[in-house]
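Just so you know, ligand 1 is whichever comes first in the structure, and atom 1 is the first atom listed for that ligand. Side chains are part of it too, since the values below use all heavy atoms of this structure and drop only hydrogens, waters and symmetry mates. Just so we're clear, the structure is a prediction, and the values are computed from it rather than from any experiment.
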Amino acid sequence: MEYKQLIHKLDKERMPKHIAIIMDGNGRWADLHKTKRVNGHKEGVKTVRSIVETAVEIGLPYLTVYAFSTENWRRSNTEVSYLLKLIVDSLVKEIDELIKNNVNIRFIGSKEELAKNYHKKVLETCQKSWINTGLHLNVAMNYGGRRELVDAFNLIIEDIQSGKITSKIDDELLSNYLYTAKMPDPDLIIRTSGEERLSNFLIWQSAYSEFWFTKTMWPDFSREEFIRSILDFQNRKRRYGSRGEN
Ligand code: FPP
């Protein structure tokens, strides 16, 4: 079925507020096509573009994509440099189009290993979109869920010591110290390429998320499959530990 027809099947009352995606399989896609890994990543960017367009089209409020993890530094220098450059270059290339579509984009993750001028470039570019009220697009860059929690604990300790925090720590307080502060938790987490694990992605925020795993490699992940994953999500009963729908 055409994806426009699939969009009509979406139940507007049960739309997810936040979808997060582990974009996996660029390397295996490249192997299958007998080309270099970097070409898999290049194709992957095209998929990011079409999924962001679709997210805008269906009025999704939040989309988070896992672009580079704190573990990805272990790859070869060539691949790491290529990925870092591809990510910032894609941002710079697409920013005007994103702004035109009312997208509010930010990078979430740790600044620690990133060069100062890299971070500055990303920030300057993203800031231009921060008055936008449409899709909130998070690019998880040098992101690790454990690192995010450790960063949060350290900030909390600082604020306890300075007297800014006087209450006990609860779920809400901790959530507000994460990179995703003030954002809804992901309702649906998609992972492509057949792997079925979270790999240190949004480990706190995914406590009640639904999962959609597909064997499709990220460069082949289509708008149709994206909409199908949402249709499937809409048929699930979410219990949040209780017996009925919350
Ligand atoms: C996983 O494939 C993919 C990545 C580590 C990088 C994802 C990055 C992009 C699609 C590029 C740009 C993103 C933005 C937001 C512009 P893999 O290399 O782990 O594949 P493999 O598991 O088959 O080796």
Parallel, tilted or perpendicular: which one describes the rings of Tyr62 and His136, with boundaries at 30° and 60°?
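Plane angle under 30°, so parallel.
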
Nearest neighbour in protein (non-hydrogen) for [atom]:
atom: atom 7 (C) of ligand 1; value: Ala67 O, 3.6 Å
atom: atom 12 (C) of ligand 1; value: Val45 CG2, 3.7 Å
atom: atom 16 (C) of ligand 1; value: Ser90 CB, 3.7 Å
atom: atom 10 (C) of ligand 1; value: Asn26 ND2, 3.5 Å
atom: atom 15 (C) of ligand 1; value: Val139 CG1, 3.9 Å
atom: atom 20 (O) of ligand 1; value: Gly27 N, 2.9 Å
atom: atom 1 (C) of ligand 1; value: Met23 O, 3.0 Å

In a check of side chain to side chain donor-acceptor pair (under 3.5 Å) between Tyr179 and each of Asp151, Asn138, Thr64, which one passes?
Asp151

Would you call [X] and [Y] a salt bridge, taking side-chain N to carboxylate O under 4.0 Å as the test?
X: Glu71; Y: Arg146; answer: no
X: Arg197; Y: Glu195; answer: yes
X: Asp232; Y: Arg236; answer: yes
X: Glu43; Y: Lys46; answer: yes

Who gets closest to atom 18 (O) of ligand 1 by heavy atom: Arg75, Arg28, Lys42?
Arg75

For atom 24 (O) of ligand 1, which candidate among Met217, Glu195, Glu71, Arg37 provides the closest heavy atom?
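The residue whose heavy atom sits nearest atom 24 (O) of ligand 1 is Arg37.
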
Would one find an N or O of Leu83, backbone or side chain, under 3.5 Å from an N or O of ligand 1?
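No; every N/O pair is 3.5 Å or more apart.
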
Heteroatom distance test (Trp218, ligand 1): nitrogen or oxygen, under 3.5 angstrom
no

Strictly under 4.0 Å, does any heavy atom of Ser193 approach an atom of ligand 1?
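Contact absent.
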
Okay, side chain of Thr192, backbone of Met23: is any donor-acceptor separation there less than 3.5 Å?
no

Heavy atoms of Arg49 and Glu97 approach each other most closely as NH2-CG, 3.9 Å

